[in-house]
Amino acid sequence: MPSKPSKTTLAPSIEFEALGTQWFIEVAGGVSPELERSIHSKLELVSHVWSRFRDDSLVAAMAHVAGDYELEPRDIQLLQWYRTLYDATDGAVTPLIGQTISDAGYDTAYRLRPDSVITATPVWDDIVQITKTGARLACPVLLDVGAAGKGYAIDRVAALCGDQYVIDAGGDIRVSGGNVQRIGLEHPRDATKLIGTVDVRGRSICGSASNRRTWADGAWHHIIDPHTSQSTRDVIATWVTADTAMIADGLATALFFIRPERLEHVAEFDYIVVHADGQVRYTHDSTITLFGEEESHT
Amino acid sequence: MSQQTKKGIIGLIVIALIAIAATVAVVALNNQSDETSESTETTTTAPPRSSGSSTEDQGLDDEATTAYIDGTYGATGSYRSPGGTEEIGVALTIADDIVTAVTVDPQASGTSGQYQSQFASGIASLVVGKNVDEVSVSRVSGSSLTSTGFNSALETIKNDARS
């Protein structure tokens, strides 16, 4: 899988697979064996709590048994961030979508064939209550934190990496304050091309696209609207830059459902949204460059 | 909403206000009966005509009174966009029966005005892809790089389909 080499390499970097994607981490002075171990440890912890794809995770337990679950403060924060997104998007972004997306075919076996009946996504307040110590479930529920979970994991890893780092988890990227990384925006329909660049310093950029993880001849993709139990159609790719990867990741998903103006009160961010008809809406920030007709030259 | 739509709406409102101002100014000079033009999309505070230029006035010896009292008059246009109902305010300043200033005041619907200008957003409809090799970047953000499990499942399915 293509991974552009860094032009401003800080030091020997590490690459590995985790949470279903390829990770690339650069740290000033190099990634020490201790740091590498603690990174793997942290990702294993995150996966052990939140993975929908292992049967020993907390999410797997929550899918079978109601009741009170203890969560660490950072995990509670992730749920609270989801609640914010849920409220801002009128329920379109929700972690309670696990059963819906699973019935649609994106289940633990990657069956990729939809059931004839797709479970409707439940209303948050019917099922989940965030408590001081974790979450209380009124009945079992299958959670899916794909919307912001990778960003969350990136932030957890970043906390281990000191002041100067670049963390790239399958194209969701967090850059520390001390350096600038020029990030290429992959053309949603042609992986050999870029549609623009974003200069990222001390921020995160996360992207979301609907056209890769598709199945059933494109009738389904992995971003599902819980109100209709169908995949979204109009927006095909989004990118968001924000202070943290968890925020950028969640907003990149939210922009499949609502206009950026409706998220302004939620966080400070910049965005690029690509529509199915080819139109691109984006923040006119000096760090963002899109390649238009006047820029192309033969 | 797009800048073009905004400009279109502003244009309509300005034209409406100027049309009203011009129409009534002509009326005052020609002493004809009143006529106002209205756009279904705008609510207008019509500039009040100066006292002394009523339609009954037949006098040919008008002094140099203005048809309009100098001042600033406002109109609000509202329209529906995909994001909901939006409003734009337009104000005209009239002095000596001449429009001397037009100001446009975008208004966020339902929230305070500070949110309206937080994004300077636009549409670039002519985005052209450049080859990855042509562009100097440190890293690439895109969907082809994600989800190894999903991709291998797709491969398996494709292989199964072939057999």
Side-chain angles (χ1 to χ4, degrees), chain A residues 1-4 6-8 17 20-22 24 53 106 110 112 166 168 170-173 181-188 190-197 205-209 211-213 215 222 237 239 259-262 264-265 274 278-284 290-293 295-296, chain B residues 1-6 80-87 106-161:
Chain A
M1 155 168 0
S3 178
K4 288 282 284 185
S6 172
K7 295 284 162 95
T8 55
E17 192 182 314
T21 194
Q22 276 294 112
F24 166 93
F53 296 97
Y106 194 175
Y110 295 102
L112 303 187
V166 176
D168 179 345
D172 290 342
I173 300 165
Q181 299 282 310
R182 174 154 290 176
I183 309 298
L185 304 177
E186 188 184 88
H187 194 300
D190 183 351
T192 67
K193 291 195 159 57
L194 304 178
I195 63 168
T197 65
I205 179 167
C206 290
S208 216
N211 61 335
R212 300 289 177 189
R213 279 179 266 177
W215 64 94
H222 76 289
W239 286 271
R259 287 153 53 96
E261 289 73 32
R262 290 185 51 192
E264 280 173 299
H265 66 287
V274 182
Q279 290 212 322
V280 179
R281 290 172 195 265
Y282 63 102
T283 328
H284 285 184
L290 291 193
F291 304 143
E293 266 202 355
E295 293 203 36
S296 69
Chain B
M1 86 218 83
S2 72
Q3 293 295 342
Q4 287 98 317
T5 307
K6 252 197 218 167
R80 291 201 61 78
S81 79
T85 302
E86 314 218 13
E87 291 186 338
Q107 288 150 31
S109 54
T111 57
S112 75
Q114 69 182 97
Y115 293 139
Q116 181 112 47
S117 53
Q118 193 170 333
F119 287 140
S121 67
I123 299 176
S125 56
L126 302 173
V127 166
V128 175
K130 287 190 185 177
N131 279 318
V132 166
D133 322 312
E134 286 174 31
V135 187
S136 171
V137 294
S138 310
R139 310 213 60 78
V140 172
S141 178
S143 50
S144 72
L145 307 160
T146 61
S147 194
T148 44
F150 195 99
N151 291 340
S152 65
L154 280 182
E155 278 307 304
T156 306
I157 289 167
K158 283 183 203 161
N159 289 333
D160 287 350

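Throughout, protein chains are lettered first and strands after them, A, B, ... in sequence-line order, and every chain is numbered starting at 1.
- Between A/Ile183 and B/Val137, every side-chain heavy-atom pair lies at or beyond the 4.5 Å cut-off.
- Scanning all heavy atoms of the two residues, the minimum distance from A/Gln181 to B/Ser138 falls at OE1-CB, 3.1 Å.
- With a 4.5 angstrom heavy-atom cutoff, A/Thr197 touches chain B only via side-chain atoms.
- Within the model, atoms CG of A/Asp168 and CZ of B/Arg139 stand 4.5 Å from one another, a figure rounded to the nearest 0.5 Å.
- Closest heavy-atom contact between A/Gly171 and B/Ser141: O-OG, 2.6 Å.
- The candidate with the highest count of non-hydrogen atom pairs below 4.5 Å against chain B, out of A/Thr192, A/Leu194, A/Ile173, is A/Leu194.
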